[in-house]
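None of these values were measured; they are calculated from a predicted model.
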Amino acid sequence: MFATLRRTVLAALLAGGLPFFVQAASNNTPGHFAEQQLRHIATYFPGRMSGSPAELLTADYLQQQFSQLGYQSNTRQFKTSYSWLEKKGESRTHKVTATSVIAARAGEVPQEILIVTHLDTWTPLSRHEADNNLGGLRLQGVDDNASGLGVMLELAQALSKTPLHYGVRFVALSAGEAGLHGMDDYLARMSAQEKKNTLLVIDLNSLIVGDHLYFNSGMNTPAAVRKQTSARAVQLAHRYGISAASHAMTARDYPGVNPFDKAGMPLMDVTAANWTLGNKDGQQQRARSSHFPEGNVRHQTERDNLNYLDHWLPGRITQRTHDSVKILLPLLTELANPTT
């Protein structure tokens, strides 16, 4: 029944004229393809809540893009749930079937680098959130997290024909929002050998609004790996004149302990924020102002959209997609093909 619904929704929207992104002629400017993808996903797939028709369409679209780039790609469904709170305090459980996308390219050896990001937008958890335009069907989720998807797709494009010693695996996870445990589900399906073969997890999330790019290391990431990953990323950023920093994650940092980190896998968390503001936990992305009263735009339908961000942060989307790819692509290339 789920597969039938998915095909029906996809066919209906395509019949209604929904354009699928066609890869443009090559443009060597770092971040150009990422920005195109970000804008396309935000425009045509708003309201990507876990289990929603928009999420199904996004997953199909991403799989199509990966397949066109030559990756072995598939979608994966899993069941999860969340609690909905009414104004009078009544709580009910909503069950959903979420859809993630996996694309991989093998290297010369079994070990691989895992690049993850979440494809879903915020699912309102209460009547209060819905009434206050937090999440829902109109949320474009430009910063959170079309930005991660766009950068992921450009990295996949660039690495699609590069010789690889270590393989790369791109995972666009559903149920990244609202505590729906997309990472937990993915980890639960990994074999012990797959976990052992995962050299590094790179998590891309909310790359636009924050003051600075951060390349943070996981709590359990060894110092030697930090030097090769997060410290190396900051070194590359400074070489290119890009503002960037690194932070050793703790349990109090937003948005909490990363499941891959908890499982003992080396982690580099990539985000844009400002750890010097607020509670100094990364939740605040920028100084509070009349245009950004919360100091961030996460889950805010009226702010995390293309019109608002292009107006109040002109040029930021172009700059940040460029900077993210400019740093991450050479870093990934080094890590996937280490010199002896």
Side-chain angles (χ1 to χ4, degrees), residues 78 80 100 102 104 107 109-118 144-145 148 151-152 155 165-177 179-207 210 212-237 244-276 279-284 324 327-328 331-336 338:
F78 60 97
T80 186
S100 297
I102 303 168
V109 296
Q111 290 79 20
E112 64 182 15
I113 299 166
L114 181 62
I115 301 100
V116 303
T117 192
H118 73 85
D144 186 19
N145 190 32
V151 169
M152 171 183 277
L155 294 175
H165 181 70
Y166 297 124
V168 291
R169 184 175 298 268
F170 296 92
V171 182
L173 284 166
S174 181
E177 298 280 20
L180 297 182
H181 309 299
M183 286 188 182
D184 293 328
D185 174 82
Y186 187 84
L187 273 165
R189 299 192 192 204
M190 293 180 76
S191 67
Q193 190 59 50
E194 286 173 332
K195 293 177 181 178
K196 183 178 180 181
N197 285 340
T198 301
L199 301 175
L200 175 70
V201 178
I202 300 176
D203 187 10
L204 309 173
N205 191 23
S206 295
L207 302 173
H212 310 288
L213 277 174
Y214 280 81
F215 298 86
N216 299 325
S217 56
M219 292 186 291
N220 298 307
T221 302
V225 178
R226 292 180 182 181
K227 183 177 180 180
Q228 292 178 300
T229 57
S230 55
R232 176 59 175 155
V234 173
Q235 183 182 51
L236 287 168
S246 180
H247 172 80
M249 301 291 283
T250 68
R252 67 181 292 273
D253 284 317
Y254 180 86
V257 177
N258 184 292
F260 289 106
D261 188 12
K262 187 177 179 180
M265 298 182 195
L267 171 71
M268 184 173 73
D269 176 85
V270 184
T271 190
N274 193 327
W275 253 264
T276 69
N279 294 325
K280 300 183 179 180
D281 59 1
Q283 182 164 5
Q284 192 164 334
S324 298
I327 298 165
L328 286 169
L331 178 65
L332 264 173
T333 303
E334 288 179 6
L335 294 172

Over all heavy atoms of both residues, which pair between S217 and A248 is shortest? Give the atoms and the distance, please. OG-CA, 3.7 Å
Using side-chain heavy atoms (C-beta onward) and a distance below 4.5 Å, is L207 in contact with V151? yes
Can you find a side-chain donor-acceptor pair between T117 and N145 that sits under 3.5 Å? yes
Check whether any side-chain heavy atom of L236 lies under 4.5 Å from a side-chain heavy atom of F215, and answer yes or no. no
With the side chain counted from C-beta on, respond yes when L331 and M268 share a heavy-atom pair under 4.5 Å apart, and no when they do not. yes
Between H118 and D144, is any side-chain donor less than 3.5 angstrom from a side-chain acceptor? yes
I want to check something: taking the side chain as every heavy atom from C-beta on, are L200 and Q228 in contact at a cut-off of under 4.5 Å? no
Passes side-chain contact (heavy atoms from CB on, under 4.5 Å), L187 versus K262? Steps please. CA-CA 11 Å; L187 273 165; K262 187 177 179 180; over 6 Å; no
Are any non-hydrogen side-chain atoms of R232 and L335 less than 4.5 angstrom apart? no
Please answer whether the main-chain N or O of D269 pairs with a side-chain N or O of N205 as donor and acceptor at a distance below 3.5 Å. no
I want to check something: taking the side chain as every heavy atom from C-beta on, are L173 and Y186 in contact at a cut-off of under 4.5 Å? yes
Tell me, do M249 and L267 make a side-chain contact under 4.5 Å, heavy atoms counted? no
State, with a plain yes or no, whether a side-chain heavy atom of R169 is found less than 4.5 Å away from one of I102. yes
